[in-house]
Trainee: 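This is the structure I have questions about; it appears just below.
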Protein chains: 2
Amino acid sequence: MARASDTVRGLIEKEISRGKLRPGDLIDEKMLSERFQVSRTPAREAIMQLAATGLVQMRPRHGAVVSELSADEAVAMLETLACLESEAAALAAQRIRQEELDALIAVHAESEAAAHSHDSKSYIECNGRFHGLIYKGARNTYIADLIRQTRSRLAYYHTSSLYQRSRVERSWVEHGNVVKAIEKGDPEEAQAAMRDHILSGGRVYADLVATMTHKKESENTD
Amino acid sequence: MARASDTVRGLIEKEISRGKLRPGDLIDEKMLSERFQVSRTPAREAIMQLAATGLVQMRPRHGAVVSELSADEAVAMLETLACLESEAAALAAQRIRQEELDALIAVHAESEAAAHSHDSKSYIECNGRFHGLIYKGARNTYIADLIRQTRSRLAYYHTSSLYQRSRVERSWVEHGNVVKAIEKGDPEEAQAAMRDHILSGGRVYADLVATMTHKKESENTD
DNA sequence: CTTGGCTTTAATGTATACTTATATTCTTTG
DNA sequence: CAAAGAATATAAGTATACATTAAAGCCAAG
């Protein structure tokens with residue numbers, strides 16, 4: 001990253017994904033430039049890049065805020081994410097290489113301990129590698145990019161599901177179904193298994209909306 | 001569009017979609033600022049926004065070019081487009097409202113004449129409205145945005161298929177299958193019909209690669 | 001006391017000046 | 001004559017100054 005604007009963009013992204021900057025928070029150009037010791041120009045450029053991807057919203061003459069999602073929008077994104085992830089799984093079932101499949105099975109085995117001991121932190125790390133291997137096996141970098149883009153926009157509303165004790169074990173079982181289907185080389189089954197995993201049988205929708213209302217309440221109490 | 005950078009961004013987008021700016025073409029900040037009578041700042045900001053969406057590529061200190069696609073990337077995008085469009089069709093089959101369905105049927109009827117007389121220009125216009133109505137019926141603005149984003153990036157390589165005489169009639173028949181499935185409220189059938197339409201039974205892949213090599217050759221002869 | 005309008009202020013948007021890095025060209029040396 | 005290196009030029013990246021607009025605060029009038 002040679003340009004200051006890219007550095008700043010990365011830092012803002014990180015702060016949003018970590019929840020340090022929350023939806024609705026104002027992103028002031030001057031504040032950014034002071035915090036990161038650059039002039040307003042690269043700070044502003046960073047904001048505009050993020051606005052182009054939808055992570056922040058800019059209204060002319062009114063500054064930028066971290067994008068807030070309505071329940072409808074969040075559901076739409078989750079629906080789309082399920083579509084993309086399940087397609088990636090279907091592709092992976094057809095295209096994954098032996099060594100990638102071995103790695104996938106290994107990660108799944110490695111995550112078993114974390115799942116059974118409800119160790120969310122370790123499990124989340126494994127989960128990231130698990131899905132990453134599927135994107136790689138799918139041999140479609142574009143769909144992987146869209147998935148990452150969508151996940152980053154949902155992050156604030158969608159993160160916490162793996163912090164629920166019951167979800168970790170359920171997730172591991174669902175992962176197992178995906179692995180099985182990919183191992184068989186069955187794209188339809190992999191697709192169905194992944195869709196079920198992302199939506200967790202529909203419960204994730206309810207979680208999402210519940211989380212949104214909860215977080216909105218906690219904002220009011222600030 | 002209150003900001004000059006938004007105006008410039010729109011103009012560049014239009015020039016790219018119309019083929020006036022072609023993949024690989026350099027986008028010079030100074031040239032832009034002179035052509036559109038603005039300073040370098042908004043010109044540069046326009047470029048950065050487009051770079052964030054992937055339509056142009058910026059390499060630090062080396063300026064920006066309209067993104068070129070390798071065959072692999074183009075195939076990946078088409079694959080993803082098929083996934084998104086077919087999902088939108090499935091959703092529309094479940095959610096479309098009566099008046100939207102009426103409009104869809106009307107557009108399909110209207111396009112029949114254009115299809116049979118091989119009037120590509122009229123048909124392409126109808127085609128746009130047809131797909132737009134499906135996005136609307138799908139009640140998922142996010143997936144519609146991703147589709148539009150993907151189409152804009154594929155535009156240069158993917159446009160011309162409806163200028164082939166045989167494709168127009170085939171497209172109309174495929175549209176008919178989609179309409180039928182949506183009318184029945186059958187999401188699986190709508191999904192399959194739309195996937196088949198986007199890929200036209202696999203021929204579009206071949207077309208895409210052929211078009212790419214052809215256009216690359218014509219660039220060399222400039 | 002409240003409301004409407006004006007004034008001031010602060011932040012966005014734009015222009016331009018300045019810095020830095022890269023590429024090209026010219027010169028020098030082998 | 002060729003190749004390598006230095007110098008210059010050009011364009012990207014950054015900083016800052018200026019313009020413009022919206023928002024907030026204040027004053028006056030009803």
Side-chain angles (χ1 to χ4, degrees), chain A residues 1-16 20-69 153 219-220 222, chain B residues 1-16 20-69 153 219-220 222:
Chain A
M1 297 223 246
R3 286 172 304 195
S5 59
D6 289 333
T7 309
V8 173
R9 183 177 51 73
L11 291 167
I12 301 172
E13 269 176 357
K14 192 179 282 179
E15 295 206 346
I16 292 176
K20 215 169 168 181
L21 278 172
R22 305 188 317 184
D25 283 359
L26 226 86
I27 301 181
D28 185 16
E29 294 174 1
K30 200 173 160 192
M31 181 258 286
L32 279 183
S33 66
E34 282 167 8
R35 282 200 356 143
F36 300 124
Q37 296 291 312
V38 293
S39 76
R40 265 183 63 217
T41 305
R44 186 180 160 77
E45 285 178 351
I47 294 171
M48 300 202 82
Q49 286 181 54
L50 293 171
T53 67
L55 202 63
V56 311
Q57 228 168 345
M58 286 185 90
R59 280 176 315 174
R61 290 276 172 198
H62 286 267
V65 295
V66 180
S67 292
E68 293 180 281
L69 296 183
R153 291 196 55 184
E219 274 173 31
N220 292 338
D222 279 351
Chain B
M1 300 222 243
R3 287 173 303 198
S5 58
D6 289 333
T7 309
V8 173
R9 183 177 51 73
L11 290 167
I12 300 172
E13 269 176 355
K14 191 179 284 181
E15 295 205 347
I16 292 175
K20 215 169 168 180
L21 277 171
R22 305 188 318 186
D25 283 0
L26 225 87
I27 300 181
D28 184 15
E29 293 175 2
K30 201 172 159 193
M31 181 258 286
L32 278 183
S33 65
E34 282 167 8
R35 284 203 350 149
F36 299 125
Q37 297 290 313
V38 294
S39 76
R40 266 181 63 216
T41 305
R44 186 180 159 76
E45 286 177 351
I47 294 171
M48 300 203 81
Q49 287 181 54
L50 293 171
T53 67
L55 201 63
V56 312
Q57 230 169 342
M58 285 185 90
R59 280 176 315 176
R61 290 277 172 198
H62 285 270
V65 295
V66 180
S67 292
E68 293 180 280
L69 296 183
R153 291 196 56 184
E219 274 172 30
N220 292 339
D222 279 352

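On a predicted model such as this, the values are computed, not experimentally measured, just so you know. Worth knowing before you read on, the calculation uses all heavy atoms, side chains too, and leaves out hydrogens, waters and symmetry mates.
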Trainee: With a 4.0 Å cut-off on N to O distance, would you call B:R44 and A:E45 a salt bridge?
Mentor: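 Judged by the 4.0 Å cut-off on N to carboxylate O distance, B:R44 and A:E45 do form a salt bridge.
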Trainee: Does C:dG13 have OP1 or OP2 under 4.0 Å away from a side-chain N or O of A:R44?
Mentor: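 Yes, such a contact exists.
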Trainee: Please give, in whole Å, the distance from C:dT12 P to A:R59 CZ?
Mentor: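 A:R59 atom CZ is separated from C:dT12 atom P by 13 Å.
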Trainee: Please answer whether the main-chain N or O of B:E34 pairs with a side-chain N or O of B:Q37 as donor and acceptor at a distance below 3.5 Å.
Mentor: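 Yes; at least one donor-acceptor contact below 3.5 Å.
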Trainee: Salt bridge (Lys or Arg N to Asp or Glu O under 4.0 Å), that's the test. Do A:R22 and A:E15 meet it? Break it down for me.
Mentor: CA-CA 8 Å; A:R22 305 188 317 184; A:E15 295 206 346; over 6 Å; no
Trainee: So, does the side chain of A:T41 form a donor-acceptor pair with the base of D:dT16 at under 3.5 Å?
Mentor: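 Present.
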Trainee: With the side chain of B:V38 defined as its heavy atoms from C-beta on, choose the nearest nucleotide among C:dA15, C:dA11, D:dA12.
Mentor: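 Shortest atom-to-atom distance from the side chain points to C:dA15.
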Trainee: Between D:dT20 and A:R61, counting only base atoms on the nucleotide and side-chain atoms on the residue, is there a donor-acceptor pair under 3.5 Å?
Mentor: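 Answer is yes: a donor-acceptor pair is held.
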Trainee: Could you tell me whether the phosphate oxygens of C:dT14, OP1 or OP2, come under 4.0 Å of any side-chain nitrogen or oxygen in B:S39?
Mentor: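 It does not, given that no N or O in the side chain of B:S39 lies less than 4.0 Å from OP1 or OP2 of C:dT14.
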Trainee: B:E29 and B:A43: which non-hydrogen atoms are nearest, and at how many Å?
Mentor: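 The pair with the smallest heavy-atom distance is O-CB, 3.9 Å.
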Trainee: Nearest to the A:R40 side chain among D:dA11, D:dT14, D:dA17, which nucleotide is it?
Mentor: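 It is D:dA17.
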Trainee: Between P on C:dA10 and CD on A:E34, what's the gap in Å once rounded to a whole number?
Mentor: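 For the pair A:E34 CD and C:dA10 P, the rounded distance is 14 Å.
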Trainee: Could you tell me the separation between the CZ atom of A:R3 and the P atom of C:dA21, rounded to a whole number of Å?
Mentor: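 Distance check: A:R3 CZ to C:dA21 P gives 15 Å.
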Trainee: If I take atom CD in residue A:Q37 and atom C1' in nucleotide D:dA15, what distance separates them, rounded to the nearest angstrom?
Mentor: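 To the nearest whole Å, that distance equals 13 Å.
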Trainee: Could you tell me how far apart B:M48 (CE) and D:dT14 (C1') are, to the nearest whole angstrom?
Mentor: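 In whole Å, D:dT14 C1' lies 12 Å from B:M48 CE.
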Trainee: Using a 4.5 Å cut-off on heavy atoms from C-beta on, say whether the side chain of B:I27 contacts that of B:M58.
Mentor: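 Side-chain contact under 4.5 Å: no.
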Trainee: Rounded to whole angstrom units, what separation is found between the CD atom of A:E45 and the P atom of D:dT14?
Mentor: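 Answer to the nearest Å: 7 Å.
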Trainee: D:dT21, OP1 or OP2 - any side-chain N/O from A:H62 closer than 4.0 Å?
Mentor: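 Answer is no, no contact under 4.0 Å.
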Trainee: Calculate the interatomic distance between B:K30 atom NZ and C:dA17 atom P; express it in whole Å.
Mentor: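 Checked: the NZ to P distance equals 13 Å.
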Trainee: B:F36 has an atom CZ; how far is it from atom P of C:dA15, in whole Å?
Mentor: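 About 14 Å, once rounded to whole Å.
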Trainee: If you only use heavy atoms from C-beta on, which nucleotide in D:dA15, C:dA23, D:dA12 is closest to the side chain of B:E29?
Mentor: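 That would be D:dA12.
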